[in-house]
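Working notes, beginning with the structure itself.
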Amino acid sequence: MKRVYLKGLYMFLCIMGFVACEERDEGAKQKWVERDPSRAHVLTTFSPDSGRIAEKMFLDGENFGTHPEDIKVYFNSKRAAVVTSTGNRLYVLCPKMPGDTCEVAVVIGNDSLVYPKQFRYYQSVTVSTVTGNGDQAFKPGTLAESTLEPMYIAVDGEDNLFVTLREDTYWGVVKISEADNSVIPLVMNAASGEGTPNALAVDLVTGIVTVPIETWKTTFWTCDPREAWAPRTKELRWTGGTEPAGISNTWKHCLAACPYDGYVYTRFYNGHVVKVHPKTLEATLVYQTPQGNSYGMAFNPKKPSLLYFAFNSGVAGNLSHSIALMDVAADDPGSTFRKLSGSTAGGHRDGELANAMFYYPRQIYFDPDGYLYVADDGNDCIRRITPDNVVETVVGIPGKRDFKDGAQDEALFSMPRGVGVGKDGTVYVADYGNKRIRKLTIE
């Protein structure tokens with residue numbers, strides 16, 4: 001056994017020595033040249049022309065200099081790691097998720113140059129189960145033993161997951177921690193009359209979780225990390241003491257914390273978009289959208305006053321199965337409200353957002369880079385809207401409702417209703433039909 005081990009170790013060292021020699025030979029072909037400030041910088045070509053995260057790449061040109069710390073390389077807006085520079089060749093590592101097709105730019109001093117050809121980035125998605133096994137009944141405990149029927153989800157800055165449950169015999173909110181290997185109930189009711197939770201939100205500055213309750217018009221739950229997320233019942237109060245006209249229904253389907261002004265925004269079934277001061281709980285009408293179901297609201301972290309909506313079915317004003325937008329910083333926010341997506345008949349179509357189709361879209365959630373993820377319930381897919389308004393199906397097969405973990409081209413979902421994104425871009429899904437919390441690792 002010892003002889004086999006030594007033989008294996010010898011072979012490993014030989015291979016590593018060969019790789020090191022190859023790298024030295026590659027570097028020896030390049031003349032190390034200091035940067036000349038009087039000369040222009042020149043880009044010629046790079047290789048390979050496609051790859052994935054951390055792809056090793058060589059960028060060729062002239063007058064780069066030999067100090068990698070003075071050189072910046074971008075794939076679209078994502079900065080790449082510059083490992084070494086010979087002066088005429090850069091050795092860089094492709095960054096995570098820069099976009100499908102990338103412009104490769106080199107910035108040295110005040111000069112910014114772009115290669116004439118583009119780089120093709122290939123995304124890798126792996127789907128796994130965080131907790132749940134298909135059993136509907138709620139059971140707390142470790143991730144392996146817990147069972148639940150999740151509806152909506154939110155993620156805080158520490159990657160704690162907060163999930164609303166709405167099964168026939170229990171209604172509430174649970175906290176899920178992968179780090180602690182735990183599923184813990186924060187508030188649990190035996191009947192909907194004690195409080196029906198909807199699409200919740202986390203303020204990433206304070207960490208406070210706010211849950212809209214549809215049972216009563218003015219009621220919310222809040223869970224503050226400074227109080228170990230103990231649930232508190234809060235009641236909003238209307239500005240001037242008068243409720244806006246036309247709120248005949250108590251349903252508050254969704255909620256979003258605004259990084260622009262610090263308010264919490266919610267929308268009633270009757271269409272009223274309301275902002276609530278987080279401390280005084282004073283509520284002010286912002287704009288009245290058309291009446292109907294909307295289970296998704298989210299603010300764009302790159303443009304923090306832009307509020308996005310996901311409208312479900314049966315919405316007035318030709319808004320069913322659509323994505324819409326409003327700028328809450330405008331003098332007249334209502335004048336900025338507009339539908340962004342295409343046909344409202346309900347269906348599946350990727351491509352330009354103006355032509356794209358959704359089918360019962362539910363919760364929506366931005367990642368830190370400005371990609372908007374959509375839990376497309378009716379299509380059994382997780383969709384994504386890129387910063388340049390292109391719709392992509394990230395995972396799931398439209399109309400194929402089932403359960404399967406695995407790679408991007410084989411994973412399956414069943415009526416995903418909730419979606420949330422962690423600080424590193426990991427996407428979490430409340431897979432309602434499969435009664436599981438799923439995780440998308442995207443690279």
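Numbers here simply count residues along the sequence, with the first being 1.
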Closest non-hydrogen atoms of Thr66 and Thr86, given as atom of the first, atom of the second and distance, are CG2-O, 3.6 Å
Within a radius of less than 6.0 Å around CZ of Arg226, do more than 12 heavy atoms belonging to other residues, nucleotides or ligands occur? no
Between Ser124 and Ile53, is any pair of side-chain heavy atoms under 4.5 Å apart? no
Check whether any side-chain heavy atom of Ile364 sits under 4.5 Å from a side-chain heavy atom of Met297, and report yes or no. no
Run the numbers on Val92 and Phe46 for side chain to side chain contact (heavy atoms under 4.5 Å, CB included), then give the verdict. CA-CA 10 Å; Val92 306; Phe46 61 77; over 6 Å; no
I'd like to know if the side chain of Thr126 and the backbone of Thr441 have a donor-acceptor N/O pair within less than 3.5 Å. no
Can the ring centres of Tyr91 and Phe58 be said to be less than 6.0 Å apart? yes
Does the Asp377 side chain pair with the main chain of Arg417, one donor and one acceptor, at a distance under 3.5 Å? no
Show the numbers, then the answer: is there a side chain to side chain contact (heavy atoms under 4.5 Å, CB included) between His41 and Glu62? CA-CA 6 Å; His41 305 106; Glu62 297 176 14; over 6 Å; no
Give a yes/no verdict on a cation-pi contact between Arg383 and Phe358, requiring under 6.0 Å between NZ or CZ and the six-membered ring centre and an angle within 45° of the axis. yes
Look at the side chain of Asn312 and the backbone N and O of Asn293, then say whether any donor-acceptor pair between them is shorter than 3.5 Å. no
Just checking Tyr260 against Phe299, ring centres under 6.0 Å apart? no
Verify whether the ring centers belonging to His321 and Phe311 lie closer than 6.0 Å. no
Exam field: side chain Ser85 to backbone Gly87, donor-acceptor pair closer than 3.5 Å: yes
Less than 4.5 Å apart, side chain to side chain, heavy atoms only: is that true for Leu200 and Tyr152? yes
For residues Asp380 and Leu412, determine if any side-chain heavy atom of one lies less than 4.5 Å from a side-chain heavy atom of the other. no
Do you know which two heavy atoms are closest between Ile71 and Gly65, and how far apart they sit? CD1-O, 4.1 Å
When you measure from the centre of the six-membered ring of Phe220, is the NZ or CZ of Lys252 closer than 6.0 Å and no more than 45° off the axis? yes
Spell out, as yes or no, whether a donor-acceptor pair under 3.5 Å connects the side chain of Tyr365 to the backbone of Val155. yes
Side chain Thr101, main chain Arg120, donor-acceptor under 3.5 Å: no
Please identify each residue that fulfils side chain to side chain contact (heavy atoms under 4.5 Å, CB included) with Ser182, with sequence neighbours left out. Ser177, Asp180, Ile184
Atom pair CE/OG1 of Met357 and Thr344 - distance to nearest 0.5 Å: 8.5 Å
Under a 4.0 Å N-O cut-off, is there an ion pair linking Asp369 with Lys78? yes
Single hit among Asp431, Thr129, Ile153, Val429 for side-chain contact (heavy atoms from CB on, under 4.5 Å) with Ile437: Ile153
Please check if the side chain of His67 supplies one atom and the backbone of Glu69 the other of a donor-acceptor pair under 3.5 Å. no
Start with the C-alpha gap between Tyr121 and Phe75, add the side-chain angles, then the distance that decides, and say whether ring-ring contact (aromatic ring centres under 6.0 Å, His included) holds. CA-CA 9 Å; Tyr121 181 83; Phe75 287 62; 8.5 Å; no
Could you tell me the separation between the CZ atom of Phe138 and the CD atom of Glu149, rounded to the nearest 0.5 Å? 12.5 Å
Is there a side chain to side chain contact (heavy atoms under 4.5 Å, CB included) between Glu178 and Tyr428 once you walk through the steps? CA-CA 12 Å; Glu178 289 188 278; Tyr428 297 90; 3.0 Å; yes
Counting only N and O atoms by type, is there a donor-acceptor contact under 3.5 Å from the side chain of Thr336 to the main-chain atoms of Pro333? yes
Is there side-chain contact between Arg166 and Asn198, with heavy atoms separated by less than 4.5 Å? yes
What pair of heavy atoms forms the shortest contact from Gly172 to Pro197, and how long is it? O-CG, 3.6 Å
So, taking the atom named OH in Tyr359 and the one named OG in Ser320, what distance separates them when rounded to the nearest 0.5 Å? 11.5 Å
Phe64 versus Val82: any side-chain heavy-atom pair under 4.5 Å? no
Who passes ring-ring contact (aromatic ring centres under 6.0 Å, His included) against Trp251, sequence neighbours left out? His253, Tyr269
Any heavy-atom pair between the side chains of Glu352 and Val390 that's under 4.5 Å? yes
Take atom NZ of Lys303 as the centre, draw a 6.0 Å sphere, and report whether it contains more than 12 heavy atoms from other residues, nucleotides or ligands. no
With sequence neighbours left out, write down each residue that passes side-chain hydrogen bond (donor to acceptor under 3.5 Å, both in side chains) with Arg232, or none if nothing qualifies. Glu227
Partner of Asp405 under salt bridge (Lys or Arg N to Asp or Glu O under 4.0 Å), picked from Arg436, Arg438, Lys439, is Arg438
Please report the interatomic distance CE(Met97) to SG(Cys102), rounded to the nearest 0.5 Å. 11.0 Å
Indicate yes or no for a side-chain donor-acceptor contact from Asp159 to the backbone of Lys423 under 3.5 Å, with no hydrogens or angles considered. yes
Roughly how far, to the nearest 0.5 Å, is the CD atom of Gln363 from the OG atom of Ser294? 11.0 Å
Looking at Ile323 and Ser341, what are the two nearest heavy atoms and their distance? N-OG, 3.0 Å
What heavy-atom pair brings Val391 and Asp350 nearest, and what distance separates the two atoms? O-CB, 3.3 Å
Flag, side chain of Thr44 to backbone of Asp60, donor-acceptor distance under 3.5 Å: yes
To the nearest 0.5 Å, what is the distance between CG on Asn181 and CD1 on Ile176? 11.5 Å
How about NZ on Lys400, more than 12 heavy atoms from neighbouring residues, nucleotides or ligands closer than 6.0 Å, or not? no
Which pair of heavy atoms, one from Asn300 and one from Gly370, lies closest together, and at what distance? OD1-CA, 4.1 Å
Quick one: does Met326's side chain get under 4.5 Å of Val273's, heavy atoms only? yes
Pairing donors with acceptors under 3.5 angstrom, does anything connect the side chains of Arg79 and Tyr74? no
As a quick check of understanding, evaluate side chain to side chain contact (heavy atoms under 4.5 Å, CB included) for Leu255 and Val211, giving each step before the final call. CA-CA 7 Å; Leu255 183 147; Val211 187; over 6 Å; no
